[in-house]
Amino acid sequence: MFVLFFFLPSLMVSAQRVEYLKEDSVRIERLLKQAVERRGSEERMLYFGRQFLNVPYVAHTLELGTEEHLIVNTRALDCTTFVETCAALSICDAQQQCSFRDFCNNLQRLRYRGGHITDYTSRLHYFTQWGEDNSNMQLVESVLEKTHFSGFATQKVDIHYMSKHPNSYKQLRLHPSLVSVISRQERELKGRTYPYLPKSKLNLPSAQIGFIHTGDIVAIITSKDGLDTSHIGVAVWQDGRLHLMHASNLYKKVVLDKKTFYDYSQGQPSQLGIRVFRLR
């Protein structure tokens with residue numbers, strides 16, 4: 001197989017390199033064209049998520065090369081690239097865009113701070129950064145912050161994992177000067193608070209937590225020191241119960257989990273609950 005590149009005119013002055021295989025661009029354009037005829041009224045994130053069921057779970061697919069650039073890989077996904085790929089496709093579909101170049105432009109807007117690629121630190125590494133930036137870009141909206149529900153808990157953010165463990169990240173090992181930038185970005189969010197739905201309430205019926213819609217992006221809050229979230233996926237209601245569609249490290253592929261979201265979370269002691277975002 002040949003790795004292909006093109007240069008995507010960015011919001012910055014310089015063009016951005018896009019790395020992909022031919023099968024990736026063919027698949028993206030095929031999915032966008034098929035959606036026009038086949039999606040009907042099905043929620044976009046659900047529709048596009050289903051197209052990636054059983055795609056292998058592979059971590060670190062964005063850590064290629066020594067310099068930051070846009071990478072498109074539809075052959076192997078982790079939880080974040082799965083959600084971002086579905087979201088970029090959904091935005092294209094909503095805007096009646098069917099080209100691979102349009103997809104790449106939307107993917108870059110979702111993945112990088114302000115849609116700009118400079119270096120490794122311009123990527124939105126923590127979900128809180130991702131949610132803040134994409135809300136500011138009016139690509140997503142926070143569902144829980146606009147919802148009146150007595151059962152929310154509050155997360156107080158204190159992220160520092162990356163700056164405290166730089167050797168765990170290839171690009172920080174290669175470019176140690178970036179650690180101070182990562183640390184500054186982490187401190188910018190320290191102390192901010194956000195509502196989340198405790199995992200004990202994920203078993204409630206839609207009559208009570210119906211403010212979560214099928215297709216919403218859900219981020220799982222974690223108790224692990226220095227992190228804000230540990231996993232993300234897409235909410236799906238089935239038979240009156242909430243389920244999770246996600247690129248699963250456990251199943252080693254993209255799945256619509258047969259377990260309810262509640263049952264899934266009960267088997268994860270460090271998971272506390274979820275924050276919820278919706279594409280605008």
Side-chain angles (χ1 to χ4, degrees), residues 59-63 68 71 77-84 87 107-137 139-146 152-199 202 216-235 244 246-247 249 265 268-278:
H60 311 304
T61 58
L62 301 184
E63 311 309 319
E68 190 71 15
I71 294 172
L77 299 164
D78 63 21
C79 67
T80 300
T81 58
F82 168 66
V83 167
E84 288 180 337
L107 184 63
Q108 179 172 316
R109 292 169 67 203
L110 287 161
R111 185 174 290 169
Y112 291 93
R113 185 172 284 100
H116 304 304
I117 301 177
T118 54
D119 55 30
Y120 183 69
T121 65
S122 63
R123 198 193 311 169
L124 298 164
H125 296 286
Y126 293 97
F127 186 83
T128 301
Q129 295 174 335
W130 193 97
E132 287 287 324
D133 192 79
N134 282 296
S135 294
N136 291 337
M137 297 264 286
L139 296 175
V140 303
E141 59 183 351
S142 174
V143 172
L144 304 190
E145 292 180 42
K146 298 182 178 180
F152 290 147
T154 300
Q155 178 191 32
K156 187 175 183 179
V157 172
D158 182 11
I159 49 177
H160 53 260
Y161 190 89
M162 292 181 68
S163 62
K164 299 296 184 184
H165 303 86
N167 289 334
S168 298
Y169 299 89
K170 173 186 172 182
Q171 298 299 342
L172 296 183
R173 293 196 305 269
L174 291 173
H175 307 285
S177 63
L178 298 180
V179 176
S180 62
V181 181
I182 292 289
S183 180
R184 175 178 55 77
Q185 292 172 345
E186 293 169 338
R187 292 194 302 273
E188 289 173 353
L189 294 172
K190 186 173 182 177
R192 294 195 188 185
T193 58
Y194 301 92
Y196 72 90
L197 184 70
K199 68 180 183 181
L202 291 173
D216 284 349
I217 298 167
V218 290
I220 298 175
I221 305 302
T222 182
S223 61
K224 293 180 180 178
D225 183 57
L227 294 175
D228 51 350
T229 61
S230 59
H231 194 53
I232 65 173
V234 177
L244 181 66
H246 58 136
N249 185 32
S265 67
Q268 309 289 331
S270 64
Q271 293 183 3
L272 302 179
I274 62 170
R275 293 180 64 194
V276 185
F277 284 79
R278 185 172 299 148

Can you see which heavy atom on [X] is nearest to which on [Y], and at what distance?
X	Y	result
Ile274	Leu144	O-CD1, 3.5 Å
Ala235	Val218	CB-CG1, 3.9 Å
Arg123	Leu62	NH2-O, 3.6 Å
Pro166	Val179	CB-CG2, 3.8 Å
Ser265	Lys199	O-NZ, 3.2 Å

With distance as the sole test, does [X] use its side chain to make a donor-acceptor pair with the main-chain N or O of [Y] at under 3.5 Å?
X	Y	answer
His165	Tyr161	yes
Gln108	Gly115	yes
Asn134	Trp130	yes
Gln185	Thr121	yes
Tyr120	Ile182	no
Tyr194	Val157	no
Arg278	Glu141	no

Nearest 0.5 Å, please: how far is [atom2] in [Y] from [atom1] in [X]?
X	Y	atom1	atom2	answer
Ile159	Ser183	CD1	OG	10.0 Å
Leu189	Lys156	CG	NZ	13.5 Å
Thr81	Ile71	OG1	CD1	10.5 Å
Phe152	Leu197	CZ	CG	6.0 Å
Ser230	Gln271	OG	CD	5.0 Å
Gln155	Thr128	CD	OG1	5.5 Å

Which residue pairs pass the salt bridge (charged side-chain N to carboxylate O under 4.0 Å, His left out) test when at least one of the two sits in residues 157-166, sequence neighbours left out?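 Matches after skipping sequence neighbours: none remain.
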
Would a line drawn from the ring center of Phe277 to the ring center of Phe127 be shorter than 6.0 Å?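 Close enough - the centres of the two rings lie under 6.0 Å apart.
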
Charged N to carboxylate O under 4.0 angstrom, Lys170 versus Glu63?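 Not counted as a salt bridge, because no side-chain N and carboxylate O are separated by less than 4.0 Å.
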
Closer than 4.0 angstrom, basic N to acidic O: yes or no for Glu186 and Lys190? no

Walk me through it: do Ile232 and Thr80 pass the test side-chain contact (heavy atoms from CB on, under 4.5 Å)? CA-CA 6 Å; Ile232 65 173; Thr80 300; 3.9 Å; yes

Show the numbers, then the answer: is there a side-chain contact (heavy atoms from CB on, under 4.5 Å) between Ser122 and His116? CA-CA 7 Å; Ser122 63; His116 304 304; 5.9 Å; no

Side-chain contact, heavy-atom cut-off 4.5 Å: [X] with [Y]?
X	Y	value
Ser270	Lys224	yes
Glu132	Arg192	yes
Thr229	Ile220	no
His160	Asp225	yes
Leu107	Glu84	yes
Gln129	Asp133	no
Leu139	Arg109	yes

Mind checking salt bridge (Lys or Arg N to Asp or Glu O under 4.0 Å) for Asp228 and listing every partner two or more places apart, or none if nothing turns up? none

Derivation and outcome, side chain to side chain donor-acceptor pair (under 3.5 Å), residues Asp78 and His60: CA-CA 8 Å; Asp78 63 21; His60 311 304; over 6 Å; no

